[in-house]
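Take a look at this one; I'll ask things after.
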Number of protein chains: 2
Amino acid sequence: MNTPPKPSLKERQFALRESAILDAVDALLSGKGFDLMTMDEVAQAVGISKASLYKHFDSKELLAAATMSRLLDRTLDKVAECTDNQRAIDKLKMLVAWSVLEHLEGRMPTLPSTRSSIHEFMMRHRPYVEKLEQLTEILGGWIIAAQEAGHINPRLPGEVVLYTIYARPCDPVTDFLKMGGAFTDEEIIDAIVTTCFNGLQPG
Amino acid sequence: MNTPPKPSLKERQFALRESAILDAVDALLSGKGFDLMTMDEVAQAVGISKASLYKHFDSKELLAAATMSRLLDRTLDKVAECTDNQRAIDKLKMLVAWSVLEHLEGRMPTLPSTRSSIHEFMMRHRPYVEKLEQLTEILGGWIIAAQEAGHINPRLPGEVVLYTIYARPCDPVTDFLKMGGAFTDEEIIDAIVTTCFNGLQPG
DNA sequence: GTCTATAATCGGATAGAC
DNA sequence: GTCTATCCGATTATAGAC
């Protein structure tokens, strides 16, 4: 058997730059979304020229896809950290809290809202869709378990619960509360988790 | 005293065309949002040239502002229909249900999400802000009443409740459920109202 | 692979004839 | 006021030198 080829210095530098690009895109997508983000901004944020940026990613769409793919990797990592003796409802709440925190700290590129021009592209991008399906399957299991345990309304269709959870990090409420400046990040996260799982009614 | 001047045929035609423009913008903003809507599309949808469109509205921003202003008028009308013997919580639920229906039927231009380039402009546009403040004052009263009646969690800050209600028509969940095609509009409205006021929990 | 310079396109806005 | 034709800036993407 061959030992796995050791990455050369050049290869490591290349990977490092690519990661720096994706970090910049995380912040830009998180702040202004796909349509308002320009490739000039990305290049400037990383400190490289636009032409070099295009050597790493052939198009703006593919750049966004790579970023979203990496987000799903992070999410799957977070999901994998959960242990079997946690309650499903607690795992779901943890995930929502985590994703809102990621959004607040600028590491959460917009999940594709139907309105973004990138949405259709992402739905046809295999690597992204496959990871999304993987995540959906796991969360689907958690949701059913939580419904059977009496912690989530069993009359709610699974899709409704799933989308409600997926949509939380891009809920405009988070941005409005942040903008007002009257709440700490912790309070904002608490507000989103509470209204998500308990609604507005007394708890 | 003078009698109010009777509008001439020309003036009525002008007003009619203006209303047709705003109807088209309602649908476009509702479907793709401000940034993805182009003035060419608007002109084409109405069946006039772009230059004529600019005779009615001096800029894309002002066009959006007029549309959003008209939306607030409709909302204030809806609010005025409520009678005093209704419970505050029921009025709030009615308003959420109505706004989601408007969105589903393409008459709900996006409320300014922080991410849209129009957001800052709207916040400086007097007529819009004044109407928004008017609506906010009324809903603020309803929210406090509902909290005192024990129908809304009194520990939730007013802003959290208000923003949560304001954000419902532009919740991505609505679009996702609609796109899936598995739910009727009525079921979608019910899902949004339920998850908004009761959350995901049973009960 | 990185850069500067540039092509190609798109979209907001306007000129000028009628 | 409406139209056709056009301007102009911004943005994605690429050519070609090093």
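Within every chain, numbering begins at 1; the chains are lettered A, B, ... in the order of the sequence lines, protein sequences first and strands thereafter. If you're wondering where the values come from, they're calculated on a predicted model, not measured in any experiment.
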Short side-chain N/O contact from B:Arg17 to OP1 or OP2 of D:dG1, under 4.0 Å: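 No, outside the criterion.
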Under-4.0 Å salt bridge between B:Asp26 and B:Arg74: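 Salt bridge flag = yes for B:Arg74 with B:Asp26.
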Phosphate contact (D:dG1 OP1 or OP2) by B:Ser52 side-chain N/O below 4.0 Å: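 No, because none of the side-chain N or O atoms of B:Ser52 sits under 4.0 Å from OP1 or OP2 of D:dG1.
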Separation of atom CD in B:Glu18 from atom P in D:dT2, rounded to whole Å: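 It works out to 10 Å between those atoms.
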Centroid separation B:Phe14 to B:His56 less than 6.0 Å: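 Yes, close enough.
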Interatomic distance, B:Ile21 CD1 vs D:dG1 P [rounded to whole Å]: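 Computing the B:Ile21:CD1 to D:dG1:P distance gives 12 Å.
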Pairwise side-chain contact, A:Glu159 with B:Phe176, heavy-atom cut-off 4.5 Å (strictly under):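 They are not in contact (no side-chain heavy atoms under 4.5 Å apart), so the answer is no.
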For atom CZ of A:Phe57 and atom P of D:dT14, their distance in whole Å: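 Computing the A:Phe57:CZ to D:dT14:P distance gives 15 Å.
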Contact pattern, 5' to 3', of nucleotides 5-18 of chain C - B, S or - by protein heavy atom under 4.0 Å: ------SBBBB---
Spacing of A:Leu53 atom CG relative to C:dT4 atom P, expressed in whole Å: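 Interatomic distance, CG of A:Leu53 to P of C:dT4: 14 Å.
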Pairs touching residues 87-104 of chain A that satisfy side chain to side chain donor-acceptor pair (under 3.5 Å), sequence neighbours left out: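 Sorted pair list: A:Arg87-A:Asp90, A:Arg87-A:His151, A:Glu102-A:Arg107, A:His103-A:Asp175.
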Pair B:Arg70-B:Asp23, salt bridge (charged side-chain N to carboxylate O under 4.0 Å, His left out): steps then yes or no: CA-CA 10 Å; B:Arg70 205 180 59 153; B:Asp23 286 343; 2.9 Å; yes
The single option from B:Val129, B:Leu135, B:Asp77 passing side-chain contact (heavy atoms from CB on, under 4.5 Å) against B:Leu72: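 It is B:Leu135, the one option of B:Val129, B:Leu135, B:Asp77 that forms the side-chain contact (heavy atoms from CB on, under 4.5 Å) with B:Leu72.
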